[in-house]
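Heads up: the structure comes next, in structure tokens.
Just so it is clear, the values below take in all heavy atoms, side chains as well, and ignore hydrogens, waters and symmetry mates. Whatever order the structure lists ligands and atoms in, that order sets their numbers, starting from 1. It should be emphasised that the depicted structure is a prediction, and the values quoted were computed from it without experimental measurement.
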Amino acid sequence: MKRRIAILGSTGSIGTQTLDIVRQHRDMFEVELISANSSTGLLVQQAKEFDVNNVVICDESKYAEVAEGLKDSGSKVFAGIDSLCSLVAAEDVDIVVGAMVGFSGLRPTLAALEAGKIVALANKETLVAAGSIVTRTMREHNAVILPVDSEHSAIFQCLLAAQGNAVEKIHLTASGGPFRTWSKEQIAAATATQALKHPNWSMGSKVTIDSSTMMNKGFEVIEARWLFDIPAERINVVVHPESIIHSMVEFEDGAVIAQLASPDMREPIGFALSFPARIPVGNKKLDFGELGKLTFENADLDRFPCLALAYEAIKRGGNAPCALNSANEIAVAAYLKGEIGFYDIARLCEQALVGLNFVAAPSLDDIFATHNETAEKTRAVIR
Ligand code: MG
């Protein structure tokens with residue numbers, strides 16, 4: 001039987017690469033549902049190419065445009081997040097690919113988990129903002145989260161070799177981003193255009209800016225804490241500029257298992273879609289003679305303060321990571337528009353943590369309140 005897939009955020013970087021894998025394996029997968037925030041043209045095109053049953057445009061003002069584009073097709077068109085939440089829970093969906101950007105992915109992800117689905121999760125902000133609620137929901141409903149983030153897919157793959165042995169440490173690799181070798185003064189003056197030039201990965205603009213500040217790596221520490229139930233103190237970030245080793249797991253005897261592949265998101269996406277089988281995904285295979293060597297260095301928390309802030313937020317726990325994520329979303333959007341400087345992103349995030357109304361065991365309502373209040377405060381500071 002074909003695996004029936006729902007792709008939340010089908011027009012983004014992860015969404016389009018997921019569809020590329022489906023295109024290569026039509027005999028294995030069927031696309032049941034796709035959604036986009038506002039990219040109507042590509043959404044319509046995808047619905048036609050993959051003969052998708054249900055299509056959701058989250059921006060309700062664009063419903064008519066999508067409905068018009070698909071009027072002579074077999075696709076049913078819906079608008080808004082509420083529609084998306086009920087459609088992901090439907091019987092005819094086997095795997096939900098969570099590829100929406102930022103906090104907006106939280107509600108549909110929870111809806112999929114409540115329906116006991118397999119969620120291939122790329123939307124790390126969901127775990128950053130509400131890790132305890134997301135993982136509890138998963139357990140309560142016998143749902144499964146398979147990591148799509150390349151580092152977490154790597155850790156998951158390394159853990160298949162654990163044979164029940166306890167993990168001593170996770171070594172989370174980081175490319176170091178475009179400013180790895182820049183001085184603090186150079187980084188302070190960096191423009192969004194410069195920050196968007198990632199050396200190894202081609203990704204969406206939000207995660208590319210997060211990579212340049214290393215907030216992305218900080219979020220990945222928090223993501224790993226929840227996915228693998230390991231305290232953040234035992235998650236070590238190591239800068240590895242070639243992005244060939246996607247992460248490593250260390251055991252008590254000092255043995256380290258690493259996962260390697262060329263930097264291409266189709267590898268972790270494909271593994272989540274076809275797990276436990278492996279399928280070809282069209283990526284470049286490693287040539288070790290051509291690579292020559294792999295290098296490593298420690299992360300510099302002075303030049304990349306966002307990484308330290310993420311460790312601080314997960315150490316405080318409660319709603320602190322949610323506030324950090326919210327402030328970061330607003331700050332990154334402002335930075336992309338040229339409204340603030342590079343280090344203002346870290347400053348705004350730090351202020352959000354300092355001024356937080358701390359809740360130790362937040363409910364979902366507390367998470368939404370923290371997200372919205374922090375966003376408002378951060379916007380006010382920017383103004
Ligand atoms: Mg990653």
Side-chain angles (χ1 to χ4, degrees), residues 9 12-18 21 97-102 105 109 119-129 131 134 145-159 170-180 195-228 230 232 235-249 258-273 281 283 294 296 299 304 306-307 310-311 314 321 324-325 328-329 332:
S13 171
I14 298 291
T16 52
Q17 293 181 83
T18 302
I21 293 170
V97 178
M100 294 168 75
V101 177
T109 302
V119 177
L121 191 63
N123 178 208
K124 70 192 75 178
E125 292 91 340
T126 296
L127 282 168
V128 172
V134 169
I145 297 177
L146 293 174
V148 167
D149 208 349
S150 61
E151 294 78 0
H152 305 75
S153 174
I155 294 161
F156 175 52
Q157 294 181 50
C158 294
L159 287 174
I170 285 175
H171 298 280
L172 197 67
T173 52
S175 69
F179 305 141
R180 181 178 62 88
L196 284 169
K197 286 203 182 100
H198 196 281
N200 304 339
W201 294 97
S202 152
M203 306 178 288
S205 59
K206 162 72 165 53
V207 63
T208 305
I209 298 298
D210 285 347
S211 293
S212 74
T213 63
M214 289 193 81
M215 182 63 93
N216 180 56
K217 209 48 56 180
F219 284 172
E220 288 180 354
V221 169
I222 300 174
E223 185 185 6
R225 181 260 170 269
W226 291 113
L227 283 176
F228 307 111
I230 183 168
I235 305 171
N236 171 48
V237 170
V238 56
V239 175
H240 165 47
E242 296 86 2
S243 296
I244 297 296
I245 296 180
H246 297 308
S247 277
M248 302 175 265
V249 172
Q259 191 264 1
L260 292 73
S262 57
D264 183 327
M265 284 309 293
R266 292 175 301 176
E267 183 268 318
I269 297 168
F271 191 63
L273 292 182
V281 293
N283 55 349
L294 299 177
F296 306 93
F304 300 101
C306 285
L307 181 56
Y311 270 104
I314 191 64
L324 180 70
N325 177 64
N328 184 62
E329 280 191 24
V332 168

Name all residues meeting the side-chain contact (heavy atoms from CB on, under 4.5 Å) criterion together with S247; count only those two or more places apart in sequence or in a different chain, and write none if there are none. E151, A154, I155, L172, T173
What is the minimum heavy-atom distance between A122 and A99, and which atoms define it? CB-CA, 4.3 Å
K206 side chain near E125 side chain, heavy-atom distance below 4.5 Å: yes
Sequence-distant partners of A224, side-chain contact (heavy atoms from CB on, under 4.5 Å), two or more places apart: H152, F228, I235
Neighbouring protein N, O or S atoms of the Mg ion (ligand 1) [cut-off: under 2.8 Å, no waters]: D149 OD1, E151 OE1, E220 OE2
For M100, is there any backbone N or O sitting under 3.5 Å from a side-chain donor or acceptor partner on N123? yes
If the condition is side-chain contact (heavy atoms from CB on, under 4.5 Å), which residues does A129 pass it with, not counting sequence neighbours? F103, C322, N325
